[in-house]
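Note that the numbering runs from 1 along the sequence shown for the chain.
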Amino acid sequence: MNQTFNFHRFGLVLKLHLTEHIKSYLLGAGLLFGLLIAMLLPNAVRIRAFSTNVYQNHGILFGLFFCGASAWFASESFRVVSTPLRGIPYLSLPASQLEKYLVAFLMLILFIPVFLGVFYAVEGICFSIINPRLPASSPKYELLNPIGPYMDPFLKYLTYITPFFFFVGSIFFVRLPFVKTGALAITLLIVTVAFINDFIIQLLFPERDHYGFTLFQEVSFTQDGRWYSVELAGTSKWIINAILLLMIPTLWYIAYVRFKEKEL
């Protein structure tokens, strides 16, 4: 098969994929809508005053729901090649490796605006119920800014990397990719946070009363009843941010290389 990328062939493979999976995608979006309604609406009907705690709660729910839903969705990306019975016909399609890979990758990218649309539709419904009951002089609730100050920095980064980490897991693990990738993610998180990052913090700031941190970027602690916060700055901060951001295209490349191996 000619491995030169062709837009027409890519369109045909994409059309085939959507034909086979569009019902599942619509059902998944409907389920997500129902779960968000169940989580946000009961609290919305009780709110009668403006509070930034609402944004903080929504920020946490946004991060948790996005990580959970994107992890599950990404884990299904390469299910079609998980067994020879299903994989051989798919890998034998007259399309290049890159075209087939880009279909799965595009579906994962499209998950992001779909999730945002569902989340903001639910949040908009909730705020349309809350805002008319607020006093005239009170600020009104607006849709959550996903990169704003009410999103926890660590949870924010998890929303960036989770779908692509599970994207790689879906091609590496033949059986139960969601469970196995999740177990690996939790293990890496514990090792990174509880051992490496915490070890560095205690090495630099020993004998403090309480620690809080953003992974490899910031540490907060109390000492003698006073609160201190130390952040990276300048070149060090730029290097750490660059490393964290480069992890995402690195995962894309790893998934592509592994997918090419499947066709060998």
Task: side chain to side chain contact (heavy atoms under 4.5 Å, CB included) assessment of Leu16 paired with Leu12 - done: CA-CA 6 Å; Leu16 175 63; Leu12 293 176; over 6 Å; no
- [ ] Give the C-alpha distance, both sets of side-chain angles, the deciding distance and a yes or no for side chain to side chain contact (heavy atoms under 4.5 Å, CB included) between Arg258 and Tyr101.
- [x] CA-CA 10 Å; Arg258 181 61 176 164; Tyr101 170 81; over 6 Å; no
Open item on the list: I'd like to know whether Met39 forms a side chain to side chain contact (heavy atoms under 4.5 Å, CB included) with Leu61, so could you lay out the CA-CA distance, the side-chain angles of the two residues, the decisive distance to 0.1 Å, and finally the verdict.
Closed with: CA-CA 9 Å; Met39 293 296 295; Leu61 285 175; 3.8 Å; yes
TODO: Report the C-alpha distance between Ile129 and Leu41 in whole Å, list the side-chain angles of each, state the deciding distance to 0.1 Å, and finish with yes or no for side chain to side chain contact (heavy atoms under 4.5 Å, CB included).
DONE: CA-CA 9 Å; Ile129 295 173; Leu41 191 58; 3.5 Å; yes
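The stretch residues 68-77 participates, sequence neighbours left out, in these salt bridge (charged side-chain N to carboxylate O under 4.0 Å, His left out) pairs: Glu76-Arg79.
No side-chain heavy atom of Tyr25 sits under 4.5 Å from any side-chain heavy atom of Val114. Using a 4.5 Å cut-off on side-chain heavy atoms (C-beta onward), Leu98 and Leu102 make contact. No side-chain heavy atom of Val179 sits under 4.5 Å from any side-chain heavy atom of Phe173. You'll find the side chain of Met151 stays beyond 4.5 Å of the side chain of Ile147, heavy atoms only. Residues Asn145 and Tyr150 fail the side-chain proximity criterion, which asks for heavy atoms closer than 4.5 Å. Counting heavy atoms from C-beta outward, Ile161 and Leu244 have side chains that stay 4.5 Å or more apart. The shortest distance between side-chain heavy atoms of Val168 and Trp252 does not fall below 4.5 Å. For the pair Phe66/Ile112, a side-chain contact is recorded, criterion being any heavy-atom separation below 4.5 Å from C-beta on.
Aromatic ring centres of Tyr256 and Phe105: separated by at least 6.0 Å. A ring-centre distance under 6.0 Å is not found for Phe167 and Phe259.
The NZ atom of Lys15 lies 12.5 Å from the CD atom of Glu20; values are rounded to the nearest 0.5 Å. Atoms SG and CD1, on Cys126 and Ile37 in that order, are 5.5 Å from each other to the nearest 0.5 Å. Taking CZ from Phe111 and CG from Leu32, the interatomic distance works out to 6.5 Å, rounded to the nearest 0.5 Å. Atom CG of Leu184 sits about 8.5 Å away from atom CZ of Phe166, to the nearest 0.5 Å. Separating the OG1 atom in Thr250 from the CE atom in Met247 is a distance of 8.0 Å, to the nearest 0.5 Å. Rounding to the nearest 0.5 angstrom, the gap separating the CD1 atom in Ile22 from the CG atom in Leu27 is 10.0 Å.
His17 contributes no side-chain N or O that, together with a main-chain N or O of Val13, makes up a donor-acceptor pair within less than 3.5 Å. Arg48 places no side-chain N or O within 3.5 Å of a backbone atom of Pro135 that could act as its donor or acceptor partner. Thr162 places no side-chain N or O within donor-acceptor distance of the main-chain N or O of Thr159, the cut-off being under 3.5 Å. Under the 3.5 Å distance criterion, the side-chain polar atoms of Ser77 are matched with a main-chain donor or acceptor of Ala74.
Among all heavy-atom pairs drawn from Glu123 and Leu144, the shortest one is OE1-N, 2.9 Å.
The local environment of CG in Leu246 is crowded, with over 12 non-hydrogen atoms from other residues, nucleotides or ligands closer than 6.0 Å. Annotation for Lys140: atom NZ counts as buried by contact number, over 12 foreign heavy atoms lying within 6.0 Å.
Leu26 and Leu116 are not part of a single hydrophobic cluster, where members link through side-chain heavy atoms under 4.5 Å apart. Residues Ile239 and Tyr160 are members of separate hydrophobic clusters, defined by side-chain heavy-atom contacts under 4.5 angstrom among Ile, Leu, Val, Met, Phe, Trp and Tyr. Residues Tyr157 and Ile243 are members of separate hydrophobic clusters, defined by side-chain heavy-atom contacts under 4.5 angstrom among Ile, Leu, Val, Met, Phe, Trp and Tyr.
A ring pair (Phe, Tyr, Trp, His ring centres under 6.0 Å) with Phe115 holds for exactly one of Phe65, Phe73, Phe62; it is Phe62. For the ring pair (Phe, Tyr, Trp, His ring centres under 6.0 Å) criterion with Phe127, the lone passing option out of Tyr141, Phe50, Tyr120 is Tyr141.
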